[in-house]
Amino acid sequence: MQVTYNSFLPTYKTPFGAVTRQTPVQFTISVQTVTPVKQIDLCVAHDGQWDDEQALPLHPISPTMYTATFIPTQVGLYFYYFRIETATMTAYYGCVDGGYGGYGGPGVQYVLREHVQMYQLTILKAVETLPQWYREGVAYQIFVDRFNNGNADGHVNAPKPNSFIYGQLTDRPLYVRDEHRAILRWDFYGGNLRGISAKIPYLQRLGVTIIYLTPIFEASSNHRYDTGDYLKIDPVVGDLTDFDNLVAAVHRAGMRLILDGVFNHVGVDSKYFNQAGHYPTVGATQSTTSPYYPWFTFIHYPHDYDSWWGIRDLPTVDKDDPTYRDFIFGKSDSVIDYWTQRGVDGWRLDVADELPDDFIAGIRRTLDRYPDKVLIGEVWEDASHKLAYGMRRHYLEGGGLQAVMNYPLRRLIIHVLNGTLTPAEWWRELMTLKENYPATTFRFNFNNIGSHDTPRILTMLAEDRQRLRLAVQLLLTLPGVPCLYYGDEALMMGGKDPDNRAFYPWQDADQAQVQFVADWANWRQRHPWLNTAHFVPFYLADYGIGYLYWQADQTVMVIVNVTTEPRTMTSHDLKLSGVPIKLAQAIQRCLVTQTLGGEQLRLIENFT
C-alpha cells in the first residue's frame, strides 16, 4: 500500500494552517493498493475529547484520490489521522513524531492505532490585529543595570544595602552564594533609565524602533524579577521623572517602549509579602488580616509557602484571587492602567505559562482600552499546543497573547548553523511552526537569537564570527519581529546567567559588527511589505537553507550555505516543495550552476 498526504500542500489540505471556527477544511489523500479499498476515514478528535472521535468517510474523486471536508465547531486544537481499510488489512496514516508534538508535512503509515501520532489542526476564536509600529519594528532588549549609566559622574543611584558594586565596568558578572547556593549579595553595575535615554541616538542608528526593558520596578535583585512594588520605579535605575523623560524621548524618536510584567510571583521582601519587614505596610507574612494575605498560599504559616519552582525568594501569587486581579488589571487604577497611561506601548508577560488563560485575557481586555498596544508572552516551546501543569494553553487563539518570544526559531537558527540540524529538518520544523501558529503569530512573533535567560549567541556558535553574522542575517530576514539582545552587536560573549549579563562594552564594541547589524536592521526597515507577503521556506540538499517572499511584482529570496565548503547549485539540490510553480522555475533559472560560498548568505531581490 502506498499512501501520500502532505499537510503543507493545498493538494492535500486547504486552507493551510490555523483557521477560525466554522471554516471548512478539505482533506485529500492518495491511496494506491493492490487490494481494493473498502473505506477510508478521516478520524478527528477535539483536544481532550478522545472518546468523541469523529470518523468522516472520504469519497473517491479519482481511482487513487479520496477527499472529505471537516467543519470545526470548537475553538482550540483538533487532532486527526486517516484510517484505511481494505479487504485484507487496516492501516493508519499519521504525522511523523516530533517529541513534544508531531511534525506537519508528509506523514508515515502505522500498523497499530495506539502508535499513531496525530496531525494538529489549530482553530481560532478570532484573527488578531497587531499595531503597525510593532509589525514593522526592530526591537532591542535591554537588561537595564547592564546597559549604560547616564549620570555625568558615573555614580550608582541609591545603592542597596548588602549589595556590591563592581570595581570596573569591564568586570565579569559574578554571584556571591552561600553554602546552599542562595545569593548572598546582589551585584550592580549602575545602568539606569537616564543611560538608556542618552543612547537613543545610538539605537536609532542601529535601526531599532522598539525598546524592550527587563523589569524596572522596585525589587531587591539586579534583574528585578522579584518585584517589591509594582507602582514604584526602582531607585537604582532612577525615579518617575527619569521614566517619564525616557518615555518622552523614545516617542520623540519615533520609537516605542515595551515593559516586562512579572505577575506570577513577587519578591519575598516585597511590600505584599514583606518577610523582612522592610516596608511599612502589613505584609502577608506579618498578619493573616493583611489585605495581601489572600494573595499567597501558605502550607504552614508563615514560613512555609508556595514559591516559584521552589525558590524561596519568589513567593507565588494566587492569580485567581479577585483582589489581586483587580490590582493588576481589573480596576481603573490597576498596574496595567497606571503604566500604560504613562505612555507604555506594550507588555511582555514573564512566565506566561504560569498565568491562567483568563488572567492573560483580563490583561488583554485592559490593554485593548488603549490604542495600538501589544501583549507578548514568554513561552519557550511551540505555544500553539503548550501544556503547562497538565493543562492545554489557549492564549494564542484570540483575545489573549498576540505574540510570544520565539525561542523555537532561535533553536532552529543555532542548530542549523552549528550543523546539528540538517537543512531538511530545519525546513520541516519551520513549516510546522507556520502550520500550527495563527498566521499573525507566525508573521509577528517576537523573534530572538538570545536573551537574558540564554547564553550569548556568539558563545552558542563557538565564537565563530561568520556564523554570528549569518545568525543576525537570519534573525533580520525571517518572518517575525526581530529582537536584538543588548551587546550582541558588539560581539559580547557569555555563558549562562550571570555570564550573559555583562555590562555593555562601550569603549571596546566592535564597530564593524555594529555597522553590520545596523545595515541589516535598516534593510529590514526599508522592506515593510515583507510582513504581509507570502512566505515559504525551502532547502538545498544537505548544505543549504532558503526562503522566499513574494507579493505582487516584488520578491525577496534568501539562500544560505550552512556548511564551510562552497557548493555549485544543481536543479536536483533545490527542494522547492510548496513554492508556486512559476516562482520555482524562476528560482531554478536564477540559482542553477551558481556557486554559493561556504557559510555565505545571498539575498536576491526581484529575481523574477
Side-chain angles (χ1 to χ4, degrees), residues 128-144 147-148 150 193-217 233 237-238 240 242-261 335-350 363-364 366-378 401-406 440-441 443-448 451-452 475-476 479-486 489 517-518 521-528 530-532:
E128 295 283 8
T129 300
L130 291 87
Q132 182 178 1
W133 63 263
Y134 175 79
R135 299 195 310 265
E136 299 177 0
V138 173
Y140 190 88
Q141 181 189 354
I142 295 175
F143 192 100
V144 182
F147 186 60
N148 187 46
L193 299 179
R194 289 183 185 178
I196 298 170
S197 296
K199 293 299 182 181
I200 286 177
Y202 165 77
L203 296 175
Q204 287 183 293
R205 291 193 300 273
L206 195 62
V208 170
T209 64
I210 302 167
I211 298 173
Y212 154 46
L213 302 181
T214 56
I216 59 173
F217 307 138
I233 300 293
V237 304
L240 198 55
D242 294 328
F243 175 79
D244 290 340
N245 288 341
L246 173 61
V247 171
V250 165
H251 290 163
R252 280 197 304 272
M255 304 166 78
R256 305 289 178 139
L257 185 69
I258 293 175
L259 292 189
D260 214 324
V335 172
I336 295 294
D337 281 293
Y338 179 76
W339 295 107
T340 306
Q341 287 171 0
R342 296 198 86 93
V344 171
D345 299 292
W347 291 81
R348 176 263 194 192
L349 299 183
D350 185 57
I363 293 175
R364 175 65 188 283
T366 297
L367 266 190
D368 282 349
R369 296 203 298 265
Y370 304 89
D372 289 339
K373 307 304 178 189
V374 70
L375 186 63
I376 301 163
E378 180 197 12
L401 300 176
Q402 293 162 286
V404 292
M405 298 184 73
N406 202 350
T440 55
T441 303
R443 286 179 177 170
F444 308 120
N445 242 353
F446 207 49
N447 292 354
N448 72 85
S451 74
H452 66 290
L475 175 68
L476 289 165
V481 176
C483 182
L484 302 160
Y485 182 45
Y486 85 96
E489 78 277 15
V517 173
N522 283 289
W523 178 89
R524 180 64 177 247
Q525 288 293 307
R526 295 193 302 271
H527 292 74
L530 296 179
N531 298 301
T532 55

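Residue numbers run from 1 in the order of the sequence given. Note that the structure is a prediction, hence the values are computed from the model and not measured.
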Residue pair [X] / [Y]: nearest heavy atoms and the distance that separates them:
X      : Y      : result
Val481 : Gly137 : CG1-O, 3.6 Å
Pro482 : Leu475 : CB-O, 3.5 Å
Thr441 : Gln402 : OG1-O, 4.1 Å
Met405 : Ile376 : N-CG2, 4.3 Å
Ala253 : Ile200 : CB-CG2, 3.7 Å
Ala403 : Phe446 : CB-N, 4.2 Å

Point to revise | Note, Asp337 side chain near Tyr370 side chain (heavy atom, < 4.5 Å) | key: yes

How far does [atom1] of [X] sit from [atom2] of [Y], to the nearest 0.5 angstrom?
X      : Y      : atom1 : atom2 : result
Lys373 : Arg364 : NZ    : CZ    : 13.5 Å
Leu213 : Leu193 : CG    : CG    : 7.0 Å
Asp368 : Ile363 : CG    : CD1   : 12.0 Å
His452 : Tyr486 : NE2   : OH    : 10.5 Å
Gln132 : Asp372 : CD    : CG    : 9.0 Å
Met255 : Leu203 : CE    : CG    : 5.0 Å

Practice item. Before giving the answer on side chain to side chain contact (heavy atoms under 4.5 Å, CB included), spell out for Leu206 and Glu489 the whole-Å C-alpha distance, their side-chain angles and the decisive distance to 0.1 Å. Key: CA-CA 9 Å; Leu206 195 62; Glu489 78 277 15; 3.9 Å; yes

Whether the side chain of [X] engages the backbone of [Y] through a donor-acceptor N/O pair (distance < 3.5 Å, no angle test) should be reported.
X      : Y      : result
Arg135 : Leu130 : yes
Tyr134 : Phe444 : yes
Glu128 : Thr440 : no
Asn148 : Gly195 : yes
Asn445 : Val404 : yes
Thr214 : Ile142 : yes
Glu136 : Arg524 : no

**Study point:** ring-ring contact (aromatic ring centres under 6.0 Å, His included) partners of Phe147, counting only residues at least two apart
**Key:**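 If we apply the ring-ring contact (aromatic ring centres under 6.0 Å, His included) test to Phe147, skipping adjacent residues, the hits are Tyr140, Tyr504, Trp506.
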
Study note, to complete from the structure: In Ile216, Val144, Val237, the residue satisfying side-chain contact (heavy atoms from CB on, under 4.5 Å) with Ile196 is Val144

Check your understanding: With Trp339, which of Leu257, Val247, Val344 fulfils side-chain contact (heavy atoms from CB on, under 4.5 Å)?
Key -> Val344

Exercise for review: Determine, step by step, whether Arg342 and Asp244 satisfy the side chain to side chain contact (heavy atoms under 4.5 Å, CB included) criterion, reporting the C-alpha distance in whole Å, the side-chain angles of both residues, the deciding distance to 0.1 Å, and the verdict.
Suggested key: CA-CA 7 Å; Arg342 296 198 86 93; Asp244 290 340; 2.6 Å; yes

Review point. According to the interplanar angle, ranging from 0 to 90°, do the rings of Trp347 and Phe217 count as parallel (below 30°), tilted (30 to 60°) or perpendicular (above 60°)?
Key: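 Rings of Trp347 and Phe217: tilted, as their planes differ by 30° to 60°.
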
Point to revise | Test log, rule side chain to side chain contact (heavy atoms under 4.5 Å, CB included), inputs Asp242 and Ile233 | key: CA-CA 9 Å; Asp242 294 328; Ile233 300 293; over 6 Å; no

Check your understanding: Glu378: what forms a salt bridge (Lys or Arg N to Asp or Glu O under 4.0 Å) with it, not counting sequence neighbours?
Key ->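 Counting only residues at least two positions away or on another chain, Glu378 forms a salt bridge (Lys or Arg N to Asp or Glu O under 4.0 Å) with Arg348.
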
